[in-house]
Amino acid sequence: MSRPEEHLVRIRDLHFSRGHRKIFDGVDLDIRRGSVTAIMGPSGTGKTTLLKLIGGQLRPDAGTIEVAGEQVQRLSRSRLYELRKRMGMLFQSGALFTDLNLYDNVAFPLREHTRLPEAMVRDLVLMKLEAVGLRGARDLMPSELSGGMARRAALARAIALDPTMIMYDEPFTGQDPISMGVLVKLIRLLNDALGLTSIIVSHDVKETAAISDYIYLIAQGRIVAHGTPADLERSDSAWAQQFLNAEPDGPVPFHYPAAPFGEDLLAGRESRQGGR
Amino acid sequence: MEWLAGLGHSALSFFQRLGRGHLLFFAILQGLPGMVLRPGLVVQQVYAVGVLSLIIIVVSGLFVGMVLGLQGYNTLVDFGAEQSLGSVVALTLVRELGPVVTALLFAGRAGSALTAEIGLMKATEQLSGMEMMAVDPVRRVLAPRFLAGFLSLPVLAAIFSAVGVWGGYFVGVGLLGVDDGAYWSQMQAATDFRDDVWNGVIKSLVFGVVATWIALFEGYDAIPTSEGVSRATTRTVVHTSLAVLGLDFVLTALMFGE
């Protein structure tokens, strides 16, 4: 058993459902301080939901989520907001404010939460933009950026308040190979240089595995496999094999659940005859 | 049985929306005191909501006033009472048309824009992103817009009425030959500050709250897809118009009914 303070995030027996659909059905998960942890799984398994639960935007039906020793769902609103100042989150869309230019976007959290003089805000913003390579683009509006640049800009904004933890929601989706490579490198680099703890939600196996220290595989509301990338590659779990090797059929079936094909075809013929 | 279940379902969702709307309203009210420290945010929104609506308000006010002048003259001249045209035009505008038509135009021009803006901010995760940056979108985004709408609508209504009075003057005095002095003096004699002007201002304050509230709620509660935002925008205009017309009757009955 590891000491509790080793882990920044501890999730125990998490249950969550949307309407009648169960999203999580007893998830246990630990995220070590200073590590890059990947949460992977097929689309629609609620990976983004997990980040929203950690960030306190959603409440679990049962179970506990602890971040930095505090139970997220029990915090009062103001304590939750205090905690969120120490969390950065990178949304899939970037979620840059479309009415502000890059500079003001990155300056936004600083201006909202601190009373720093404008000269210092400027220095901080330029530092963050330099870190993601966009210092020269500071006067551009979000609509003028490519997808990869928008995500890097959002990353600069997410680290503006020097958080202890940063969560990435599908950072590689829809990126060309070059900006994908840039982002992969940047995530690892920032994690180590700033002493962050990073959580990556993704289904881009290769890119994510290359920079993760630990991987959790989620499917059907449960953790189906976990371990270091090397562990998972050697694992004989059918889930891990299907997912990491991108096999079309396996525990995750190719077909959406349906009645047998033959029955379905015959049913169609009957209804057509009935319609005459 | 199925229609009964459907009826129950729509009643439930109606009351859920009503509840969410009121919760949002109180959350916005709680955010208002903070606006004292951020006047810049409010000024920006007064420009977007109020100043940019000026053109449609001025042009509509002018034409409504001109039509009132024309129709009023045609009716009054039969009784030889065309000298009271000024009071007819002014009372109609200040009591009713000023606040009501301004609120309807406001819903179409500013309310729909507010709903679409906030709905799209939600759809593009800008509101979620703000929350994760520990900034409350209700206080940072909705409260300044609410205050701006609340402040702008009465001013716009006053401008509408003033321009309308001039429109009636152009037609009545300029084209149809009503006596210049009679137009203004009849108006002054017939219009009471407390009963007419002040009641009109109260109406437009109420409409300002309702129109802005509906617009903000529809945007904030929109389903975050392009279809959801488009439906929310339509609902803003429809619901605001109905609410304004219904409330106008209630307020008129309270103010002018015996």
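In the text below, chain A, chain B and the rest are named by the order of the sequence lines, each starting its count at 1.
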Check this for me: does any side-chain nitrogen of one of A/Lys52 and B/Glu131 sit under 4.0 Å from a carboxylate oxygen of the other? no
Closest non-hydrogen contact found for A/Arg77 with B/Asp136 is NH2-OD2, 2.6 Å
Identify the two heavy atoms, one from A/Phe108 and one from B/Val135, that lie closest to each other, and give their separation to 0.1 Å. CE2-CG2, 3.9 Å
Residue by residue, which of residues 100-125 of chain B have a heavy atom closer than 4.5 Å to a heavy atom belonging to chain A? B/Thr124, B/Glu125
Stepwise, does the salt bridge (Lys or Arg N to Asp or Glu O under 4.0 Å) test hold for B/Arg38 with A/Glu112? CA-CA 11 Å; B/Arg38 310 282 299 263; A/Glu112 289 293 320; 3.0 Å; yes
For residues 140-150 of chain A, give me every residue with a non-hydrogen atom less than 4.5 Å from any non-hydrogen atom of chain B. none
Nearest non-hydrogen partners of A/Gln57 and B/Ser128, listed with the distance: NE2-O, 3.3 Å
Surrounding CZ of A/Arg79 (heavy atoms of other residues, nucleotides or ligands, distance under 6.0 Å), is the total greater than 12? no
Side chain, backbone, both or neither: which part of A/Met87 has a heavy atom under 4.5 Å from chain B? both
Is it the side chain or the backbone of A/Leu83 that comes within 4.5 Å of chain B heavy atoms, both, or neither? neither
Is the number of heavy atoms from other residues, nucleotides or ligands within 6.0 Å of CD1 (B/Ile223) greater than 12? no
Is atom CZ of A/Arg135 surrounded by more than 12 heavy atoms (other residues, nucleotides or ligands) closer than 6.0 Å? no
A/Met167 vs B/Met132 side-chain heavy atoms within contact, under 4.5 Å: yes
